[in-house]
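Please read the structure below before turning to the comments.
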Amino acid sequence: MNWQSDANKTITAFAPTLDRWYQHHKRDLPWRHTRDPYRIWLSEIILQQTRVAQGRPYYERFIEAFPTVADMARADERDLLRLWQGLGYYSRARNLHKTAKYVTQELGGQFPETYASLLALKGIGTYTAAAIASFAFGERVPVVDGNVYRVLARVFGVVDDITTTRAKKLFADLATRLIAFARDPADYNQAIMEFGAIQCTPGAPDCLLCPLQQQCRAFLTGQQHKLPVKAKKVPVKQRFFNYLVFRNNGQLAMRERTAKDIWQQLYDFYLIETDEPTEALRDLALPVASEPVVQTEAVDRFPEAGQQLLSHQRIEAKFWMIDVPDALKNALPEGLQWYTPDEIGRLPKPVLITSYLRQKFG
DNA sequence: AATGCGGGGAG
DNA sequence: CTCCCAGCATT
């Protein structure tokens with residue numbers, strides 16, 4: 001039996017084997033009880049680059065707050081971002097709102113029903129379009145996500161670097177061949193992702209109890225821990241944030257982040273970024289309006305420290321609380337506004353800011 | 001083809 | 001520590 005005919009046999013047996021495995025290992029997840037494209041769309045956007053365990057409570061809260069796409073379309077974008085707070089990749093929330101409005105206002109509340117038309121919506125790429133098309137409408141189009149790359153790379157011994165365009169096409173083509181043998185495209189797509197999440201895991205795949213063990217090129221050659229091949233990512237950038245937390249009469253000065261940077265449309269404080277960690281307030285180039293304030297009214301001579309690890313940046317933050325006298329409260333730097341504690345609670349904020357507020361004010 | 005974008009959990 | 005998660009948009 002040569003390798004080629006082994007591979008062909010594996011291809012025809014792959015989907016049925018996963019389907020069988022799935023029947024016994026399927027988790028009970030809320031978005032598996034519906035074919036409502038709105039709910040499936042919402043769950044898929046939430047789950048982009050996000051583990052099920054992390055995304056699930058957000059899904060529940062979103063469905064509670066916005067039971068239909070029309071409800072979401074009506075929402076204030078700030079409230080939507082506030083609900084999204086802590087999930088990261090906030091462009092997902094902005095695109096969610098944009099698409100909800102588009103579907104409601106331009107499509108009469110009806111989601112597009114094909115892979116190709118779904119792909120045209122903001123925030124929907126190849127993976128999400130395939131997921132919605134198959135789960136909600138039964139279209140026979142394969143999902144290709146991180147789980148699928150891992151499972152296929154191992155079972156079929158694909159050593160191509162999955163970050164390259166060539167490999168992406170190779171995996172997509174393979175996935176298309178495989179789904180042809182599936183009984184039900186939706187179940188099969190769920191099955192392969194579930195299999196990757198539970199059985200064929202990144203670190204310690206459960207090969208001993210794997211139904212594909214004797215067909216898996218990686219297992220048979222002992223290479224499962226080396227696949228998939230993925231170019232290592234760029235080193236994380238270190239940044240130093242110095243926050244001046246202006247306070248007056250129980251209110252804090254905050255501003256919306258609008259720059260082309262992290263945390264767009266979330267709220268934080270007056271920020272001075274430096275190339276090196278700062279030890280004292282006098283080392284900072286302070287805003288003109290705050291100078292007299294800083295001389296006399298700084299509350300925190302030693303700042304609160306904060307750390308935020310992002311996948312692409314490591315942020316070291318320091319917070320100086322500064323009491324602003326009434327005489328200067330209308331002289332805030334451009335963009336800053338006073339907010340009461342209640343208002344601040346309703347603003348969407350990065351986790352770094354929320355953590356600071358919690359540790360400072362409870 | 002490269003880069004930027006969050007935050008958290010697992011090993 | 002490192003890796004990576006039901007990826008996508010922009011350049």
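All chains are named by letter (A, B, ...) in the order of the sequence lines, taking the proteins before the strands, and each is independently numbered beginning at 1.
Figure legend: cation-pi geometry between A:Arg61 and A:Tyr58, with NZ or CZ positioned under 6.0 Å from the six-membered ring centre and within 45° of its axis.
Phosphate proximity of C:dC5 to A:Arg150: present, with a side-chain N or O under 4.0 Å from OP1 or OP2. For A:Lys260, a side-chain nitrogen or oxygen approaches OP1 or OP2 of C:dT11 to under 4.0 Å. Phosphate contact (OP1/OP2 of C:dG7, side-chain N/O of A:Gln48, threshold under 4.0 Å): absent. The phosphate of B:dC5 has neither OP1 nor OP2 within less than 4.0 Å of any side-chain N or O from A:Gln264. An OP1 or OP2 oxygen of B:dG7 is reached within less than 4.0 angstrom by a side-chain nitrogen or oxygen of A:Tyr90. Distances shown here put a side-chain N or O of A:His312 below 4.0 Å from the OP1 or OP2 atom of B:dC5. Proximity of A:Thr126 to the phosphate of C:dC8: a side-chain N or O atom is located under 4.0 Å from OP1 or OP2. Distances shown here put a side-chain N or O of A:Trp263 below 4.0 Å from the OP1 or OP2 atom of B:dG7.
The same atom, C1', is picked in B:dG6 and in C:dC4; the two are 13 Å apart, to the nearest Å. Taking atom P in both C:dC8 and B:dG9, one finds a spacing of 23 Å when rounded to whole Å.
The side chain of A:Glu194 lies closest to C:dA6 when the candidates are C:dC5, C:dA9, C:dA6. The listed nucleotides are B:dC5, C:dA6, C:dG7; the one nearest the side chain of A:Leu29 is C:dA6.
Aromatic pair A:Trp263/A:Tyr90: ring centres not closer than 6.0 Å. In summary, the aromatic rings of A:Phe246 and A:Trp338 are positioned with their centroids too far apart to meet the 6.0 Å limit.
With hydrogens and angles ignored, no donor-acceptor pair under 3.5 angstrom links the side chain of A:Thr128 to the base of C:dG7. The base of B:dG6 sits within donor-acceptor range of the side chain of A:Thr50, with an N or O pair under 3.5 Å.
Side-chain atoms of A:Thr50 and A:Arg92 include a donor-acceptor pair closer than 3.5 Å.
One finds a salt bridge joining A:Arg257 and A:Asp261 here, because a Lys/Arg side-chain nitrogen approaches an Asp/Glu carboxylate oxygen to under 4.0 Å.
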